[in-house]
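Every number for a ligand or one of its atoms is a count from 1 in the order of the listing.
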Amino acid sequence: MVNTIEWTDDGVVMIDQRKLPSEEILLTCRDYHDVADAIRTMVIRGAPAIGCAAAMGVAIGVLKADDENLDGQFDEICDYLAATRPTAVNLFWAIDRMRALYRSQREQGADPDAIRQCLVDEARRVLREDIAINRELGGHGAALLPHGGTVMTHCNAGALATGGYGTALGVIRAAVEHGNPLAVLANETRPFMQGSRLTVWELQQDDIPVRLLTDSMAGHMMQRGQVQAVVVGADRIAANGDVANKIGTYSVAVLAKENGIPFYVAAPTSTVDLNLASGKEIPIEERSPDEVTQVRGHQIAPQETEVCNPAFDVTPSRYVGAIITENGVARAPYVPSLKALCLG
Ligand code: MRU
């Protein structure tokens, strides 16, 4: 399986997801500005992977900072990284985790070099833990998938979107590892094409049967009995179980309900934002119009076309059959079930 992100002596190394599947290029981020650029420009994307990158961004920032006014520099690094993308809460979760550690080190009177080492260790731990979490949630979710059925997924919630293994694709991988001969239908996921470029590429590498659909084919395939379950990832889940995920997810969820097909969300508890009562409060990123009017730099709409390009939508919890986390499976009513899984 591909290494999405790695801490090395040279810097934070990421596979450039903008170039996949045609080119497999590794990019080395040597300071926190590079890491922030990589998140903003989608070199690395997917909520848990963004969290891992942010933790490493903080660590590399502090590693390169001088001792003078370390507190001020630390805040600057965290604020800079936090301004990259607004929707995936894992970004803020990871930065908060690094902030808490920094504060406790300061309070204990640790010297700057000890703090640096501690933050690097923590960032590497965030990555290791994410992979372990995905394997856990994969195990919980695998049991929900029908034996030998076809599972639809939207966007890429795979190894590339996480530290490794994946959330939605982690559930599919775990089911296959347990002997379930599943097949996958991958929605291409306009406009950034995470489905066609990344999900199909990943599943092919694992020899998991996958067929590609354009987004508008989802309803037809469901209506014709070609889909037995849907599983997707999430960028942020509100306390009531409303789910922000890649644009188009809401339509897929509504279509699934209309056709009596279970719709599951797989995400680590770090994606659950108990501070938000409902999905209405989740900030939705609006991305560049070029992503819609151009394909690989080629203009496909008249010049000056006005464009809407929300990168995410919110699926109300009434469409969500279950939320699969590393701590178990939450079902409606989500307010108590999510709280129990997140707070223990
Ligand atoms: O804009 P992206 O590619 O970062 O959006 C990614 C998604 O919407 C994923 O489905 C989500 O982050 C879950 S990844 C495990």
*Mind jotting down which protein residues get a heavy-atom contact under 4.0 Å with ligand 1? Chain and number order, please.*
M42, R45, G46, A47, P48, R85, C155, N156, A157, A161, T162, T167, Q194, G233, A234, D235, N245, K246, F312

_My understanding is that only residues two or more places apart in sequence, or in another chain, count here; which of them pass side chain to side chain contact (heavy atoms under 4.5 Å, CB included) with L63?_
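Side chain to side chain contact (heavy atoms under 4.5 Å, CB included) list for L63, sorted by chain: W7, R116, V120.
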
*Return the set of residues passing side chain to side chain contact (heavy atoms under 4.5 Å, CB included) with T271 (not counting sequence neighbours), or none when no residue passes.*
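T271: side chain to side chain contact (heavy atoms under 4.5 Å, CB included) contacts with N90, A234, I237, A267, P268.
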
*Tell me, do V58 and L81 make a side-chain contact under 4.5 Å, heavy atoms counted?*
yes

*Side-chain donor/acceptor of R236 to backbone N/O of T87, under 3.5 Å*: yes

*Would a distance-only check, ignoring hydrogens and angles, find a side-chain to backbone donor-acceptor pair under 3.5 Å from T153 to V232?*
no

*All pairs passing side chain to side chain donor-acceptor pair (under 3.5 Å) where residues 322-344 contributes a residue, at least two apart*: T269-E326

